[in-house]
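Source: prediction; values computed, not measured. Below, read A as the first sequence line, B as the second, and so on, with proteins coming before strands; counting in each chain starts at 1.
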Protein chains: 2
Amino acid sequence: MPYDPSAFPPFAVTVDLVVLTVRRHALCALAVRRGEPPFQGRWALPGGFVRADEDLSQAAARELAEETGLRAHDPAVPAQDNGAHLEQLATYGDPKRDPRMRVVSVAHLALAPDLPAPRAGGDASNARWAPVDELLKQGGYGRDGEPVAPLAFDHAQILADGVERARSKIEYSSLATAFCPTEFTVGELRRVYEAVWGVALDPRNFHRKVTGTPGFLVPTGGTTTRQGGRPAQLFRAGGATLLNPPMLRPEV
Amino acid sequence: MPYDPSAFPPFAVTVDLVVLTVRRHALCALAVRRGEPPFQGRWALPGGFVRADEDLSQAAARELAEETGLRAHDPAVPAQDNGAHLEQLATYGDPKRDPRMRVVSVAHLALAPDLPAPRAGGDASNARWAPVDELLKQGGYGRDGEPVAPLAFDHAQILADGVERARSKIEYSSLATAFCPTEFTVGELRRVYEAVWGVALDPRNFHRKVTGTPGFLVPTGGTTTRQGGRPAQLFRAGGATLLNPPMLRPEV
DNA sequence: GTGTTTATCGTCAAGCAGACGACTATGATC
DNA sequence: GATCATAGTCGTCTGCTTGACGATAAACAC
């Protein structure tokens with residue numbers, strides 16, 4: 001059977017981004033306000049069409065840079081901290097997920113430290129970091145009492161999947177360091193785990209665990225006191241990507 | 001900005017299947033022989049175009065049924081064994097992955113017990129179960145001394161990703177039972193782990209572990225002697241999907 | 001100095017994992 | 001039928017990890 005362009009239905013392919021960070025002890029995601037129908041005025045995940053000559057990961061990295069200014073981490077330079085962590089999450093292709101046409105969206109998950117301020121095409125009012133519980137609270141009310149509309153399209157599902165991926169992945173990988181600046185303390189790393197998992201961890205056992213896991217942390221020699229209290233040692237992420245033994249999420 | 005069909009490039013969207021089973025102590029994958037260019041005559045993963053009105057998981061289930069006769073497991077009936085396990089794996093969209101046109105493939109992973117014989121459109125010579133090491137052995141020689149051509153397209157990468165997913169997922173989930181018939185013995189389950197991981201496990205510690213993990217196995221009361229030796233108790237898969245504590249893959 | 005905060009080290013008991021001995025129940029072989 | 005081989009099942013022991021928590025250290029605020 002020769003190649004017949006009419007033999008398959010045409011699809012639009014997009015990438016959507018779940019960009020997570022930890023701000024003020026809460027796991028937050030980047031949301032942008034839609035400027036056009038459908039779902040005009042509603043919050044959504046950042047994303048856009050994949051271009052004709054682009055790989056999926058390239059498209060995701062481009063969108064991430066456009067929305068946040070973050071460069072994606074180059075997997076070829078693992079030891080070096082040259083940007084945010086970016087990985088493919090899952091693909092969503094319900095025929096009715098976009099009322100305009102048949103769109104298949106390849107969602108990606110990005111983890112970033114707190115630093116950057118949102119910038120959606122230069123217009124800051126159309127992009128914000130929002131706590132994920134707030135974004136996922138369907139039909140509830142935000143911290144300011146305003147009613148919260150659910151995210152556009154199936155983005156609530158995508159965000160929930162991304163959060164779940166992040167929660168489970170910091171158990172057995174060193175990914176939690178992607179939420180930290182280049183140099184960080186054990187306490188800062190612990191607060192990342194606490195924010196992502198939504199639990200309190202024992203500082204003493206946590207310290208013993210992470211410093212005892214080979215390849216997880218390497219001391220830089222410096223110390224800091226930016227948290228108040230006794231100065232803490234500074235660390236960088238070690239070469240290990242898989243943690244053995246893994247971090248254990250406390251019982252549900 | 002109104003909807004403009006020319007604003008995005010059209011893609012073809014396919015599903016490809018990594019169907020794994022355990023045969024004769026080896027992890028095997030379903031391969032089909034391509035009957036048309038490109039890669040005519042080469043082995044490939046089964047798959048096909050997503051139809052215009054189909055969800056991705058529906059398309060994957062349809063292809064699985066067409067190629068193997070297996071029904072996909074309905075997630076709404078978790079305790080019941082009504083088919084093979086099927087889950088989305090990852091999406092592959094390199095612009096050059098198909099020389100004919102821009103194709104994005106949403107790969108799925110299926111795990112099945114040994115029973116079914118391949119049937120690719122009724123022609124058995126164009127479908128076979130092949131050990132995954134053989135399919136992934138680039139440019140080597142098969143067990144029969146024949147030279148082995150690498151899989152078509154990027155299917156070697158997809159298969160490798162699927163195998164890795166299966167290897168890690170049987171650690172912390174009860175998915176290994178998807179490789180077993182409805183009723184099975186602890187020894188049969190152990191041989192699944194040994195085949196998928198490619199290691200030897202201590203029968204005594206394995207027995208203690210799986211029978212001690214709550215929700216993993218439920219005894220049916222029957223026994224069997226089909227393996228020779230002392231009769232073994234028969235079990236069904238329990239309700240648990242996540243294993244706590246997980247099975248531990250021995251050191252590399 | 002005193003109190004507060006955070007970091008870090010130590011101790012102890014419970015539980016789990018790996019190594020491996022021992023026993024059991026079947027079929028195969030002589 | 002005795003013996004052997006095979007596979008399944010139960011125990012034991014030892015070392016390591018974990019979770020709970022006491023104790024000490026080093027900063028800052030007053």
Could you list the residues that satisfy salt bridge (Lys or Arg N to Asp or Glu O under 4.0 Å) with A:R230, not counting sequence neighbours? none
If I take atom CG in residue A:N244 and atom P in nucleotide D:dT17, what distance separates them, rounded to the nearest angstrom? 10 Å
What residues 207-223 of chain A contributes to the DNA chain D interface at heavy-atom separation below 4.0 Å is A:R208, A:K209
Grab the CG-C1' distance between A:L201 and D:dA20 for me, whole Å please. 14 Å
Should A:V22 and A:C28 be marked as a side-chain contact (heavy atoms from CB on, under 4.5 Å) after you check the CA-CA gap, both sets of side-chain angles, and the distance that decides it? CA-CA 6 Å; A:V22 174; A:C28 295; over 6 Å; no
Any chance the side chains of B:E87 and B:H85 put a donor and an acceptor closer than 3.5 Å? yes
When you list every nucleotide of DNA chain C with an atom under 4.0 Å from a heavy atom of chain B, which one comes first 5' to 3', and which comes last? C:dA17 to C:dT26
Between A:L201 and A:N205, does a side-chain contact (heavy atoms from CB on, under 4.5 Å) hold up when you go through it step by step? CA-CA 8 Å; A:L201 299 174; A:N205 292 335; over 6 Å; no
Is any side-chain heavy atom of A:V18 less than 4.5 Å from a side-chain heavy atom of A:L45? yes
Please state how far atom CG in A:D202 lies from atom P in D:dG22, giving the value in whole angstrom units. 11 Å
Does any residue of residues 191-200 of chain A have a heavy atom under 4.0 Å from DNA chain D, and if so, which ones, in number order? none
I want to check something: taking the side chain as every heavy atom from C-beta on, are A:H25 and A:R191 in contact at a cut-off of under 4.5 Å? yes
Do B:R236 and B:E183 sit within salt-bridge range, that is, some charged N less than 4.0 Å from a carboxylate O? no
Of the options D:dT9, D:dA7, D:dC21, whose atoms approach the side-chain atoms of B:Q227 most closely? D:dA7
Under a 4.0 Å N-O cut-off, is there an ion pair linking A:E164 with A:K169? no
Between A:P245 and B:Q233, which has a closest nucleotide on DNA chain D that is more 5'? B:Q233
Quick one: does B:L189's side chain get under 4.5 Å of B:F206's, heavy atoms only? yes
Measure the distance from CG on B:L234 to C1' on D:dA7 and round it to the nearest whole Å. 14 Å
Map A:P203 and B:P246 onto DNA chain C by nearest heavy atom, then report which one ends up closer to the 5' terminus. A:P203
So A:L20 and A:F179, do their side chains get closer than 4.5 Å, heavy atoms only? yes
Donor + acceptor pair across side chains of B:Y92, B:D161 (<3.5 Å): yes
Salt bridge (Lys or Arg N to Asp or Glu O under 4.0 Å) involving A:R204 - partner list, sequence neighbours excluded: A:D202
Which whole-number value in Å describes the distance from A:N205 CG to D:dG22 P? 13 Å
Protein heavy-atom contacts under 4.0 Å, written 5' to 3' over nucleotides 23-30 of chain D as B (base), S (sugar-phosphate only) or - (none), form the string --BBS---
Do we get B:R128 above B:W43's six-membered ring, with its NZ or CZ under 6.0 Å from the centre and within 45° of the axis? yes
